[in-house]
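Note sheet for the following structure.
Note that this is a predicted model, so its numbers are computed, not measured. Counting starts at 1 for both ligands and their atoms, in listed order.
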Amino acid sequence: MKIEAVELRVVRLPLVTPFRTSQHSQDERIALLVCVHTSEGEGWADCPVSPGPFHEPEFLSGSRAVMAEYLVPMLMAAPGVTAARVQAVLAPVKGHQMAKAALETAVLDAELRAKQMSFAQYLGAVRDRVPVGVSVGITGSLAELISQVEDYLEQGYKRIKLKIEPGWDIEPVRAVRQRFGPDLALQADANTAYSPASAHRLRALDEFGLLLLEQPLAADDLLGHADLAQLLTTPVCLDESITSPRVAAAALRLGACSVVNIKPARVGGYLAARAIHDLCAAHGVPVWCGGMLETGVGRAANLALAALENFTLPGDISATARYFTEDITAPFTLDDGHIAVPSGPGTGTEVLPGVLDRLTTHREILR
Ligand code: MG
């Protein structure tokens, strides 16, 4: 396959409600989309970077620059590019996993569309719909939190995840557990907000029967997580720490986690995500698919990944309406707490040109 041009688009999608984690708050999603124009057709991908480097080190204008100056010229110069070769072609550039992942995904989408094969088939999906959960941001008021959780449960979500931080942890978890009872599938996500010295505070969460506690410590603190995992009865899950299959292997070897949240964009794409899935399966460690406020393009591919066998916990994929009033693809909807896995060629979803053009704030074509 020959890459003829790469189109980068910045689109602006207002969020239905502001979303706050321990690290940052946002009231709109400014997304970076990548479209590869190849000798065999087009392929699309979502590069779910944020405008600033506050959640991940990569950020929107940095990703645009590294693609335009380095990654895209390297891909265009390479003969016979396939998705399986993208990482090798781009290997001379250090880091920039999310930008590389977006290019690999766009090439994979083009390749699979040309072969009339879906992401789900290609990745080895075993389900045609997946149970999904919802991530509830820090609200600052227990009444508001309870009301939001009630609303999501009425919509049918199968699992609730609460964002926590020091000072907003024990009380909100207790309040939700007391209000909705012991059978609610409930977990908490700290987004790296704690230090090892706060282990005693995190231990207080053990009494609430959480499915897991996600990423309490810094992303590079695998040993700290291994020590913490010994102290807690709540399973420790890693998210921000998991940046590649190699790091995932180290985390498992060290006992730093007993559950893994796989974010395809952060680990370098869907091929690396599948490799981490396989590694965790071989170790008996369950995985689930996290979310990075993806547009419909990224959501579709995540649904395919979440349909693999060892994705045994509901992901943060959520229906489109949880985030956006309007998306650049047809919306994904909940049916009995599940979302159908797209079965059409490639990601199985189509970008709506009229909406895309209306929401686009910047467009560049690299040749
Ligand atoms: Mg997380």
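Judged by distance alone, the side chains of T347 and R113 do bring a donor and an acceptor atom under 3.5 Å apart.
Within D239, the N/O/S atom positioned nearest the Mg ion (ligand 1) carries the name OD2. Nearest N/O/S atom of E214 relative to the Mg ion (ligand 1): this is OE2. Note on D189: its N/O/S atom closest to the Mg ion (ligand 1) is OD2.
Aromatic ring pairs are classed by plane angle as parallel below 30°, tilted from 30° to 60° and perpendicular above 60°; the pair F311 and H277 is parallel.
Hydrophobic clustering (ILVMFWY, side-chain heavy atoms < 4.5 Å, transitive): M98 and L293 are in distinct clusters.
Distance alone, capped at 3.5 Å, is enough to place a donor-acceptor pair between the T360 side chain and the L356 backbone.
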